[in-house]
Amino acid sequence: MSNSAAGTSSKTRAASSQPSEPSSKRRRGVFHRELQHMMYGFGDDPNPLPESVALMDDIVVEYITELVHKAQDIGSQRGKLSVEDFLYLIRKDAPKLNRCTELLSMNEELKQARKLFEHDDENLRKTFEDDADG
């Protein structure tokens, strides 16, 4: 009984995702190199089989696509898509949520550091220009 129910739901899901595939003209191997490195890092061969990498690529792209579509559904209620929509979707997966918030805070720190560096660079440039003029 559960096998037929599971088969039906996977067939339904596959059928619903089928029409979007040709229209999106998805490039194959988008994350090929990154997945090879990750697979090696998790114990696979340094050069995993191309079929394995292609399968992982398909799984990752499908996951990301579904996540973006769900986030768009949430964001369409407000009229725009935001980072909070993605955080809301992964709120029950603590490791993913923690990693995302960590990466977002590191990104903010990097932005601030770049801004300070550009500001310091401008001050140095002005100082050198003033010294050259004087």
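All heavy atoms count here, side chains included; hydrogens, waters and symmetry mates do not.
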* Asked: More than 12 non-hydrogen atoms from neighbouring residues, nucleotides or ligands closer than 6.0 Å to CE on M38, yes or no?
  ->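 For M38, atom CE is not crowded (no more than 12 foreign heavy atoms under 6.0 Å).
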* Please say whether more than 12 non-hydrogen atoms of neighbouring residues, nucleotides or ligands are located less than 6.0 Å from CZ in R33. =>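 For R33, atom CZ is not crowded (no more than 12 foreign heavy atoms under 6.0 Å).
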Which heavy atom in [X] sits nearest to a heavy atom in [Y], and how many Å separate them?
X	Y	value
V30	E34	O-OE1, 4.1 Å
M56	L35	C-CD1, 3.7 Å
D57	H32	OD1-N, 4.1 Å
P48	D45	CD-O, 3.4 Å

* Can D85 and L89 be said to form a side-chain contact (heavy atoms from CB on, under 4.5 Å), step by step? -> CA-CA 6 Å; D85 298 329; L89 288 172; 5.8 Å; no
* Asked: Applying the side chain to side chain contact (heavy atoms under 4.5 Å, CB included) test to I64, which of V61, V60, L67 qualifies?
  ->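 Going through V61, V60, L67 one by one, the side chain to side chain contact (heavy atoms under 4.5 Å, CB included) with I64 is satisfied by V60 alone.
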* To do: Can you sort out the partners of L97 under side chain to side chain contact (heavy atoms under 4.5 Å, CB included), two or more places apart, ordered by chain and number?
  =>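 Only L87, I90, T101 meet the side chain to side chain contact (heavy atoms under 4.5 Å, CB included) criterion with L97.
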* Can you name the side chain to side chain contact (heavy atoms under 4.5 Å, CB included) partners of E102, sequence neighbours left out? ->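 E102 satisfies side chain to side chain contact (heavy atoms under 4.5 Å, CB included) with R99, M106 only.
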Count I, L, V, M, F, W, Y as connected when their side-chain heavy atoms are under 4.5 Å apart, and connections chain through other members. Are [X] and [Y] then in the same cluster?
X	Y	value
Y63	Y88	yes
V83	L110	no
M39	L55	no

* By salt bridge (Lys or Arg N to Asp or Glu O under 4.0 Å) - contacts of D44 (at least two apart) ->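 Not a single residue meets the salt bridge (Lys or Arg N to Asp or Glu O under 4.0 Å) criterion with D44.
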* Asked: Mind checking whether F86 and L81 have side chains closer than 4.5 Å, heavy atoms only?
  ->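 In contact.
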* Can you tell if the side chain of K115 reaches within under 4.5 Å of the side chain of K111, non-hydrogen atoms only? ->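 K115 vs K111: side chains apart.
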* Are R114 and F117 in a cation-pi setup, meaning NZ or CZ lies under 6.0 angstrom from the ring centre and within 45 degrees of the ring axis? ->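 No, a cation-pi geometry is absent between R114 and F117.
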